[in-house]
Protein chains: 2
Amino acid sequence: MTGRHTVKAVVAYDGTDYQGFQRQTRGRGIQQILEQALSTALREPILIKAAGRTDAGVHALGQVISFATSSPIPPENYRRAVAHLLPKDIALREAENVPDTFHARFDAVDKTYRYEVDYSPLPDPCAQRYAWLIREEPSLEAMNEAAALLVGTHDFSAFQNHGSQETSPVRTMYEAHWDQVGNRYFFTIRGNGFLYRMVRNLVGCLVKVGTGKWSVADFAAVMASRDRKQAGMAAPACGLFLMHVSYPK
Amino acid sequence: MTGRHTVKAVVAYDGTDYQGFQRQTRGRGIQQILEQALSTALREPILIKAAGRTDAGVHALGQVISFATSSPIPPENYRRAVAHLLPKDIALREAENVPDTFHARFDAVDKTYRYEVDYSPLPDPCAQRYAWLIREEPSLEAMNEAAALLVGTHDFSAFQNHGSQETSPVRTMYEAHWDQVGNRYFFTIRGNGFLYRMVRNLVGCLVKVGTGKWSVADFAAVMASRDRKQAGMAAPACGLFLMHVSYPK
């Protein structure tokens with residue numbers, strides 16, 4: 001393709017050592033590092049837009065970015081072109097040409113997040129990087145009973161932190177469930193949008209249900225209260241992965 | 001317990017940033033860091049023996065160490081006593097008093113290792129720390145057919161690297177199988193002892209079978225050859241975990 005055109009790319013990163021996706025005044029942002037690598041590879045200044053601005057310490061396997069470029073390099077060659085320009089914890093997975101009207105954030109129809117919780121009564125230095133380590137064994141059944149209440153269109157104010165610029169706290173969840181493999185619990189949630197800190201706040205509450213501190217009815221009451229103060233502690237960033245962003249076919 | 005006595009402890013570590021378990025002339029050894037933390041906590045010089053001397057980059061959830069001490073601190077308090085003295089990637093999990101004749105290495109009756117392989121056609125910065133990333137999808141069935149040949153008493157010379165001080169290349173494997181969870185493949189092997197680099201050499205060969213480069217008969221022929229040159233590349237250290245060491249009841 002010649003002339004100025006728009007590219008959509010899927011990127012993956014281990015967020016442990018970053019201040020989040022966005023450029024920060026202090027610390028390192030993933031956006032900045034991707035922009036530098038793409039600018040070098042494509043030999044022009046590249047400014048990217050992202051589907052979701054993940055927080056400090058949050059990981060991604062399916063973050064989507066878009067940007068305009070005049071580079072003659074075919075997008076299918078971008079992965080190799082930037083691989084040696086990126087640190088080991090950031091990777092470009094796929095890239096393709098899209099219509100110029102495409103916007104990674106505004107065109108997204110749904111996003112899928114995964115959250116990993118590891119039940120480990122003993123310290124586990126190999127699990128703590130990508131999971132929330134808990135010392136009490138959670139009930140998969142209770143967590144799934146509460147998670148099922150999330151599916152559908154609801155006001156999620158109780159799980160929203162201040163600091164977001166969202167106008168409406170109403171979102172639709174298409175899927176919300178837990179799977180278990182050994183001592184590892186995987187929470188999958190797919191929805192048309194997420195409020196600030198929503199997934200981590202939800203997981204904090206669902207684990208309270210799993211470990212018997214709350215009943216499923218308590219969880220439902222917190223959700224209905226629309227009061228963030230009821231929901232308590234957010235789950236740590238390290239267990240959260242942005243897995244996938246969908247766009248209209 | 002008063003006076004000089006012997007303690008057995010289970011330790012876990014993320015081996016990524018270490019030169020292996022043993023003290024090295026250059027770089028950091030896990031043994032050294034554990035000895036420093038225990039010496040500080042128990043207020044006397046502590047020298048430890050370990051069940052297995054894991055290589056650089058290899059992880060452990062169930063490494064066993066033993067040492068003599070005169071400290072009056074009860075072993076069940078060691079975990080908390082050393083937690084703040086150890087880096088985030090090393091942990092003492094459990095400790096108990098044992099008879100003075102106990103030796104972590106010579107008394108071990110079997111050891112269990114796990115090796116993780118991740119099938120990821122796209123780069124995955126979050127999987128590479130604890131797994132071998134492969135780009136071709138392996139056949140679980142073929143890998144299990146080959147793994148089954150390992151069970152029993154055999155000469156494992158074909159899978160032994162030079163550099164070991166072992167006298168006999170004959171070992172007995174009680175268990176050797178692969179499990180799959182999504183794109184992640186877990187190899188579990190339990191035996192009365194392992195030759196130098198044996199598990200990583202085995203996994204390198206089993207993945208050749210899984211991806212169709214070798215037949216199960218090829219694998220059997222390599223094993224029977226007792227010739228290390230036939231076996232090819234070892235799997236990388238990052239996927240290997242020492243999971244458990246058993247002792248006589």
Side-chain angles (χ1 to χ4, degrees), chain A residues 9-18 30 33-34 54 57-63 76 78-80 82-84 86-95 114 116 118 120-131 133 135 179-184 186 188 238-244, chain B residues 9-18 30 33-34 54 57-63 76 78-80 82-84 86-95 114 116 118 120-131 133 135 179-184 186 188 238-244:
Chain A
V10 179
V11 297
Y13 44 83
D14 175 340
T16 309
D17 297 331
Y18 297 94
I30 290 152
I33 292 171
L34 281 166
T54 53
V58 173
H59 317 294
L61 292 184
Q63 170 77 284
E76 55 269 32
Y78 283 9
R79 188 199 307 173
R80 284 181 58 184
V82 299
H84 67 287
L86 288 171
K88 237 178 81 172
D89 47 13
I90 301 180
L92 187 145
R93 308 189 89 178
E94 298 176 288
R114 185 176 78 199
E116 299 194 20
D118 201 275
S120 179
L122 298 173
D124 184 345
C126 299
Q128 65 197 1
R129 194 177 176 95
Y130 301 115
L133 269 60
R135 298 286 165 93
D179 294 295
Q180 182 181 357
V181 178
N183 287 334
R184 186 65 67 105
F186 301 84
T188 303
C238 61
L240 185 60
F241 295 76
L242 173 55
M243 295 302 285
H244 188 72
Chain B
V10 179
V11 297
Y13 44 84
D14 175 340
T16 308
D17 296 331
Y18 296 94
I30 291 153
I33 291 170
L34 281 167
T54 54
V58 173
H59 316 293
L61 291 184
Q63 171 75 285
E76 56 270 30
Y78 284 8
R79 187 198 309 172
R80 285 182 57 184
V82 299
H84 67 287
L86 288 171
K88 237 178 83 171
D89 48 13
I90 302 180
L92 188 144
R93 308 189 91 178
E94 298 176 286
R114 186 176 77 198
E116 299 195 20
D118 200 276
S120 178
L122 297 172
D124 184 346
C126 299
Q128 65 196 0
R129 193 176 176 95
Y130 301 114
L133 268 61
R135 296 286 165 93
D179 294 295
Q180 182 181 357
V181 179
N183 287 333
R184 185 65 67 102
F186 301 85
T188 303
C238 62
L240 185 60
F241 295 76
L242 173 55
M243 296 302 285
H244 188 73

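All chains are named by letter (A, B, ...) in the order of the sequence lines, taking the proteins before the strands, and each is independently numbered beginning at 1.
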Visitor: Under 4.5 Å, counting heavy-atom pairs only, tell me which of A91(B), A12(B), C126(B) racks up the most with chain A.
Guide: C126(B)
Visitor: Could you go through R79(B) and L122(A), starting from their C-alpha distance and side-chain angles, then the distance that decides it, and tell me whether this counts as side-chain contact (heavy atoms from CB on, under 4.5 Å)?
Guide: CA-CA 9 Å; R79(B) 187 198 309 172; L122(A) 298 173; 3.1 Å; yes
Visitor: With a 4.5 angstrom heavy-atom cut-off, which part of P87(A) approaches chain B: side chain, backbone, both or neither?
Guide: neither
Visitor: Which bit of Y130(A) is near chain B, if near means a heavy-atom gap under 4.5 Å: side chain, backbone, both or neither?
Guide: side chain
Visitor: Looking at chain A, which one of P123(B), A127(B), A83(B) has the largest number of heavy-atom pairs inside 4.5 Å, strictly under?
Guide: P123(B)
Visitor: Can you see which heavy atom on P125(A) is nearest to which on K88(B), and at what distance?
Guide: CB-O, 3.8 Å
Visitor: Looking only at heavy atoms, what is the nearest atom pair of S120(B) and R93(A), with distance?
Guide: OG-NH2, 3.6 Å
